[in-house]
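Just so we're on the same page: letters track the sequence lines, and every chain starts at 1.
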There are 2 protein chains.
Amino acid sequence: MGRKRIEPGKVRLTEVAALAGVSPITVSRFFRNPDTVSAGRRARIESAAKELGYVPNLAARALASQRTEVIGVLIPSLTNNVFSDVLRGIYDAFDGSRYSIQLANTRYSVLQEERLLRLFLMQKPAGLIVTGLDQTAESRSIIEAADCPVVQIMELGTEPIDMMIGFSHVDACYAAISHLLAQGCRRIGFIGARMDPRVQRRLQGYQNAMKDAGFFDPRLIVTAPVPTSTIMGGSLFSDLLMKAPDLDAVFCANDDLALGVLFECQRRHIAVPQQLAIVGFNDMEFMAAAVPPLTSVRTNRYEMGRRAATMIMDAIEGRPVAQRVVDLGFEVIERQSSTLHRTAGSLEPATGRASGTKW
Amino acid sequence: MGRKRIEPGKVRLTEVAALAGVSPITVSRFFRNPDTVSAGRRARIESAAKELGYVPNLAARALASQRTEVIGVLIPSLTNNVFSDVLRGIYDAFDGSRYSIQLANTRYSVLQEERLLRLFLMQKPAGLIVTGLDQTAESRSIIEAADCPVVQIMELGTEPIDMMIGFSHVDACYAAISHLLAQGCRRIGFIGARMDPRVQRRLQGYQNAMKDAGFFDPRLIVTAPVPTSTIMGGSLFSDLLMKAPDLDAVFCANDDLALGVLFECQRRHIAVPQQLAIVGFNDMEFMAAAVPPLTSVRTNRYEMGRRAATMIMDAIEGRPVAQRVVDLGFEVIERQSSTLHRTAGSLEPATGRASGTKW
DNA sequence: TTGTATGCGTTATCAC
DNA sequence: GTGATAACGCATACAA
């Protein structure tokens, strides 16, 4: 009965303490905060630890201290490049800190999110970063049970669980459409794929802008529930052209779709922006390199990740968090793909465009 | 002296056991392997746990069992899309399993890698997935100390630490260059950025192929240590044109660079593939959508991640691992950007090309 | 299938 | 600044 005795080769705090001629708790202190140990013992402990090849046991530490240094991060996709920038910000900010990141992929599923949160809960995370505003009631209660600082990223809302950093997707898209309207575009299409909550809100912004301008037409909207891609951009654009051959601009819910639209225009010899203006969303790196350079809505994703991380750390370590809800804003980067230099009213006729190219 | 008593509100195995009328160890068994508990008790335990809102404590579990279900994954970049596919494979394979993934970003630094491995070691990971072959001796000894299954991914070598899955970057690039040579190209440029070990090996494959064909010329190689990007592709291509104006093809060490080259060609009115063939590497989704569609070397990154994960799980759970070194191969996807339909020898002169467009 | 006894390696607490 | 003691919550080993 009982359990076998200690293995002889094992190196614990105790062994280091014995070799250094101090008590275990002093070694423990040394590893967590060297400054709290006198210089003499510090040196002895350090060399003893090195000599024995001591490696702290995080599980024992977590059990004894009743907490961890794990930050749980939940994002909906590993493929969507949008999140890689956010992640880079998060990883950069935590780099060199004592915290380690545990990344989970919800796959755009709120149920997966619940399941993953439950998993995090078992670890007693030091902090949580979650994507978006649309957590289920169950998810929210799990988060509350975790009893740690939480930051919601990517969006903006009025009722944060704890803290929040992002921007308004409705406003950002509204601004993009307003830009197109200001360029004289009237028949502005909307292309969207995946249709996660953030894309839905961009669609809302589109609808608001078009209705406010008096040009709303549901036939101008083409969406698909499938993952977004360049090829999908071309194919949705083709669908859109069938429904609305008099199109003079396309807003794409993200840049991959916009790139696909651009290629499809090249294929069909549609002149951009003369015959069709294109606007994307996210301002990925390739947008500026395209021919013509593509207009997009820039969002500060890296900064979002970075600041989410610092907000978490500030909260954990008891520093005052200046703002609990941070609006990072956005910027419409106007490039050649939507810069028409034509006045409203001088638009080419809906069909039979000047160049006579096939659509 | 001593420590404060148990908080009254806390729910542990003991509390669940008391309510269910069984011993704690039975509850423990129920949570790890429900089948080992009789149906009657199973129901009682389940309802008791739900009633009390019991959440297992992973730290206590890890301490008592001397192991965890954490799989450490080390990748060099979060931005490079190549890894998002691999990660998706890894996450998909572990999804639903009892293992959880801890992702670390080495930023292409072997020292960071060492540091992160040391961190993993403290957690007693159940398995490790590391990128590439070029771990330092120190890293290797840390990995050995971790004493768990290890898979090296992305490349192929003869001396795996434990297991390995990937493909030969040298061979893959050699095949791509061979394809261009077969198309009649002779002045084939090489563009590379970042120059991590895998890009270095692709360069090696390029050099081998060009030397074997008797067309090697160091002026055809342009590289930069900076991160890869579409814009960098255009700019390196411009540099290359200065050094070798008689270029008839460009191999790009990755697809982002290739896209940049394509756009630069559009900008300079260089006809692809008639005046210049383009080949990329990785076969990202957008390559097929481009105008013209871009040739690339397809590598099965998703599958690589997925199988690395199953290899790890097999090893952990004592199932025999069929192959310890798995070659996933590659495939040159020939598309219009490099399909010339011209015979060797009928090449346009190096300068003053038929179309007379400006370079 | 179920229970008993014991140990996992560390830190919190309080005293010096 | 340093140390003695007890507790952290669970799983292992063995017996029944």
Side-chain angles (χ1 to χ4, degrees), chain A residues 1-45 49 52-69 98 121-124 126, chain B residues 1-45 49 52-69 98 121-124 126:
Chain A
M1 59 192 101
R3 153 186 283 231
K4 69 174 177 230
R5 292 271 155 221
I6 293 165
E7 288 177 46
K10 287 226 164 187
V11 180
R12 297 164 302 170
L13 227 40
T14 319
E15 277 68 51
V16 177
L19 183 59
V22 300
S23 78
I25 189 67
T26 304
V27 181
S28 169
R29 289 199 182 99
F30 167 79
F31 276 104
R32 285 173 295 155
N33 203 341
D35 304 332
T36 59
V37 176
S38 65
R41 296 177 191 232
R42 204 151 52 202
R44 294 221 306 285
I45 293 172
L52 296 174
Y54 170 70
V55 176
N57 183 322
L58 251 44
R61 181 178 288 181
L63 180 59
S65 68
Q66 298 279 64
R67 55 198 167 66
T68 67
E69 327 259 63
R98 43 193 235 203
L121 187 55
M122 301 196 284
Q123 302 194 46
K124 301 188 181 298
Chain B
M1 59 192 97
R3 158 188 277 228
K4 73 173 174 226
R5 293 272 154 219
I6 295 164
E7 286 177 48
K10 287 225 163 187
V11 181
R12 297 163 303 170
L13 274 188
T14 319
E15 277 69 50
V16 178
L19 183 59
V22 300
S23 79
I25 191 65
T26 305
V27 180
S28 170
R29 290 199 181 98
F30 167 80
F31 276 103
R32 284 173 298 153
N33 202 344
D35 304 332
T36 60
V37 175
S38 65
R41 293 174 195 239
R42 203 152 52 203
R44 294 221 306 285
I45 292 171
L52 296 174
Y54 170 70
V55 176
N57 182 322
L58 250 45
R61 182 179 288 182
L63 181 58
S65 68
Q66 296 280 63
R67 53 196 172 68
T68 67
E69 328 258 62
R98 43 192 234 204
L121 187 55
M122 301 195 284
Q123 302 193 48
K124 301 187 182 297

Separation of C:dG3 P from B:Leu13 CG (nearest whole Å):
13 Å

Out of D:dG9, C:dT10, C:dT2, which has the shortest distance to the side chain of B:Ala60?
D:dG9

Presence of donor-acceptor pair under 3.5 Å, side chain of A:Arg42 and base of D:dG1:
no

Does A:Gln66 place a side-chain N or O at less than 4.0 Å from the phosphate oxygens OP1/OP2 of D:dG9?
yes

Whole angstrom is fine here: how far is it from CG in A:Asn57 over to P in D:dC10?
17 Å

Starting from P on C:dT10, measure out to CD on A:Glu69 and report it in whole angstrom.
15 Å

Verify the contact: side-chain N or O of A:Arg41 to OP1 or OP2 of D:dG3, cut-off strictly under 4.0 Å; return yes or no.
yes

To the nearest angstrom, the CG-P distance between B:Leu52 and D:dG9 comes to 14 Å

What's A:Pro24 touching, base or sugar-phosphate or nothing? Going by heavy atoms closer than 4.0 Å.
nothing

Strictly by modelled atom types, are B:Ser38 and B:Arg42 linked by a side-chain donor-acceptor pair under 3.5 Å?
no

Heavy-atom pair of closest approach, residues A:Ser28 and A:Leu13:
CB-CD2, 3.7 Å

Scan the side chains in residues 53-64 of chain B for donor-acceptor partners under 3.5 Å anywhere in the protein, sequence neighbours excluded, and list what turns up.
residue, atom, partner, partner atom, Å
B:Asn57, OD1, B:Ala59, N, 2.9
B:Asn57, OD1, B:Ala60, N, 3.0

Determine whether B:Glu69 and B:Arg98 make a side-chain contact, defined as any pair of heavy atoms from C-beta on separated by less than 4.5 Å.
yes

Side-chain N or O of A:Arg12 closer than 4.0 Å to phosphate OP1/OP2 of C:dT10
no

Taking C:dG3, C:dT10, C:dT11 as options, the one with an atom nearest any side-chain atom of A:Ile25 is C:dT11

B:Arg67 CZ to C:dG7 P: how many Å, rounded?
20 Å

Touch class at under 4.0 angstrom, heavy-atom based, for A:Phe30 against every strand present
nothing

Touch class at under 4.0 angstrom, heavy-atom based, for A:Arg29 against every strand present
base

Can you tell me which nucleotide in D:dC8, C:dT4, C:dT10 comes closest to the side chain of B:Ser23?
C:dT4

